[in-house]
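Take a look at the structure below.
All values below were derived from every heavy atom in this structure, side-chain atoms included, with hydrogens, water molecules and symmetry-related copies excluded.
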2 protein chains.
Amino acid sequence: MPKQELVVLGQTAAPAADGCCPELLTAPLAEDQAAELAKVFKALGDPVRLRLLSMIASGAGGEICVCDLTPAFDLSQPTISHHLKLLRQAGLIDCERRGTWVYYWLLPETTDRLAGILTRPGRPAPAAPRS
Amino acid sequence: MPKQELVVLGQTAAPAADGCCPELLTAPLAEDQAAELAKVFKALGDPVRLRLLSMIASGAGGEICVCDLTPAFDLSQPTISHHLKLLRQAGLIDCERRGTWVYYWLLPETTDRLAGILTRPGRPAPAAPRS
DNA sequence: CTCCTGATTCGAAGTCTGTCTATGCAACGT
DNA sequence: ACGTTGCATAGACAGACTTCGAATCAGGAG
């Protein structure tokens with residue numbers, strides 16, 4: 001059921017491809033790059049999705065079952081499923097069915113990418129949250 | 001005309017205040033923190049606003065005049081003004097009137113904050129775009 | 001095979017967003 | 001004082017987003 005991500009941000013591991021890392025803070029963003037980036041940020045622009053992503057990223061073993069996600073919200077199960085789908089289409093998470101349950105995990109390449117885009121060149125390292 | 005930011009993210013320079021840095025990737029996000037974070041990400045979730053922010057951040061002298069921003073888009077001047085207002089309310093930029101023209105500049109604390117939130121603890125430093 | 005549970009998909013309210021035109025306000029020049 | 005230019009605000013409207021209940025699909029158990 002995965003295999004439908006939008007493959008945004010061109011996260012193809014190539015160190016410096018052609019249309020490589022969009023530069024948000026140092027050069028004017030091209031129109032198409034802005035459109036792709038906006039999809040990811042829009043996916044993060046909802047409190048429910050942020051909490052979902054947070055729960056997924058901090059889940060034991062790096063993954064979590066939908067059945068553990070749903071009861072944490074005052075929302076119907078289809079609504080949670082919808083938000084998970086949007087996060088998946090943004091390339092932020094992926095999932096796999098294992099028997100009865102579906103497990104989700106974070107795709108760190110995308111968050112790393114965003115962090116890099118939001119980092120000013122002069123900066124040594126943005127203070128990661130103290131674990 | 002500034003002075004109406006939402007003061008999101010509690011960017012009060014305190015190194016480790018009480019509800020300090022929300023941990024997106026290492027611990028489940030609290031509801032109110034998720035709501036505040038979502039406002040900022042939502043402001044970034046539009047291609048026009050991303051390009052505006054990019055142009056502002058990369059402007060000569062760290063600032064740029066609205067009159068240089070508006071003609072770069074196929075949008076009406078009030079629409080640009082509207083997007084700038086949203087970016088301002090998200091705490092991403094600020095502005096000042098100097099004579100006839102209004103100048104905007106980036107508030108790096110907010111983007112730094114977001115970069116930190118999106119950075120995994122194990123990570124040394126997200127690759128900042130090569131200047 | 002049939003039933004039950006977990007999860008996604010579908011269709012339909014209700015609300016929010018992005019955009020426009022029209023208007024208002026501030027600063028400058030004549 | 002008056003008109004012009006630059007920018008912000010107000011109101012209106014189409015399209016998108018969020019949410020729900022109902023229906024559907026996938027696995028496991030009896």
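Toward the 5′ end of DNA chain D lies the nearest nucleotide of B:Ser81, the other residue of the pair B:Ser81 and A:Lys42 mapping further downstream.
Listed pair B:Ser76 / C:dT19 fails the phosphate criterion, with no side-chain N or O lying under 4.0 Å from OP1 or OP2. In this model, the phosphate group of D:dA8 is approached by a side-chain N or O of B:Tyr104 to a distance below 4.0 Å at OP1 or OP2. Note on B:Thr79: every side-chain N or O is 4.0 Å or more away from OP1 and OP2 of C:dG18. At the phosphate of C:dT17, neither OP1 nor OP2 sits under 4.0 Å from any side-chain N or O atom of B:His83.
Under the side chain to side chain donor-acceptor pair (under 3.5 Å) criterion, A:Ser76 pairs with A:Thr79, not counting sequence neighbours.
Atom SG of B:Cys95 and atom CD1 of B:Ile56 lie 9.0 Å apart (nearest 0.5 Å).
Of all nucleotides listed (D:dG21, D:dC7, C:dG18), C:dG18 comes nearest to the side chain of B:Leu86.
Within residues 46-72 of chain B, the residues having any heavy atom under 4.0 Å from DNA chain D are, by residue number, B:Cys65, B:Val66, B:Cys67.
At a threshold of 4.0 Å, the pair A:Asp94-A:Arg88 does not count as salt-bridged, since none of the basic side-chain nitrogens sits closer than that to a carboxylate oxygen.
Transitive grouping of hydrophobic side chains (ILVMFWY, heavy atoms separated by less than 4.5 Å) keeps A:Ile64 and A:Leu86 in distinct clusters.
When atom types are taken as modelled, the side chain of B:Thr70 and the backbone of B:Cys67 share no donor-acceptor pair closer than 3.5 angstrom.
Counting to the nearest Å, the P atom of C:dT21 and the CD1 atom of B:Ile80 are 13 Å from each other. To the nearest angstrom, P of C:dG18 lies 12 Å from CD of B:Gln89. Nucleotide C:dG6 holds its C1' atom 16 Å from the CD atom of A:Glu96, rounded to whole Å. The nearest whole Å value for the distance from the CG atom in A:Leu84 to the P atom in C:dG6 is 16 Å. The nearest whole Å value for the distance from the CD atom in A:Gln77 to the P atom in C:dT9 is 12 Å. Note: NZ (B:Lys85) to P (C:dG18) measures 13 Å, nearest angstrom. Protein atom NE2 of A:His82 is 14 Å distant from nucleotide atom C1' of C:dA12, rounded to whole Å. Distance B:Trp101 CH2 to D:dT5 P: 13 Å, rounded to the nearest Å.
Contacts classified as salt bridge (charged side-chain N to carboxylate O under 4.0 Å, His left out) and involving residues 55-70 of chain A (residues at least two apart or in different chains) are given here: A:Glu63-A:Arg98. Within the structure, salt bridge (charged side-chain N to carboxylate O under 4.0 Å, His left out) pairs that include any residue of residues 45-62 of chain A comprise A:Arg51-B:Glu31 (at least two apart or interchain).
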Between the protein and nucleotides 22-27 of chain D, are there any N/O to N/O pairs under 3.5 Å, and if so, what are the atom names and distances?
none

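With a 4.5 Å cut-off between side-chain heavy atoms of Ile, Leu, Val, Met, Phe, Trp and Tyr, the cluster of A:Tyr103 takes in A:Trp101.
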- request: Could you walk me through whether B:Ile117 and B:Leu25 pass side-chain contact (heavy atoms from CB on, under 4.5 Å), step by step?
  value: CA-CA 8 Å; B:Ile117 284 172; B:Leu25 302 181; over 6 Å; no
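Residue B:Leu75 is in sugar-phosphate contact alone, with no base atom involved, counting any heavy-atom pair closer than 4.0 Å across all strands shown.
When all heavy atoms of A:Ile93 and A:Leu84 are compared, the pair lying nearest together is CD1-O, 3.7 Å.
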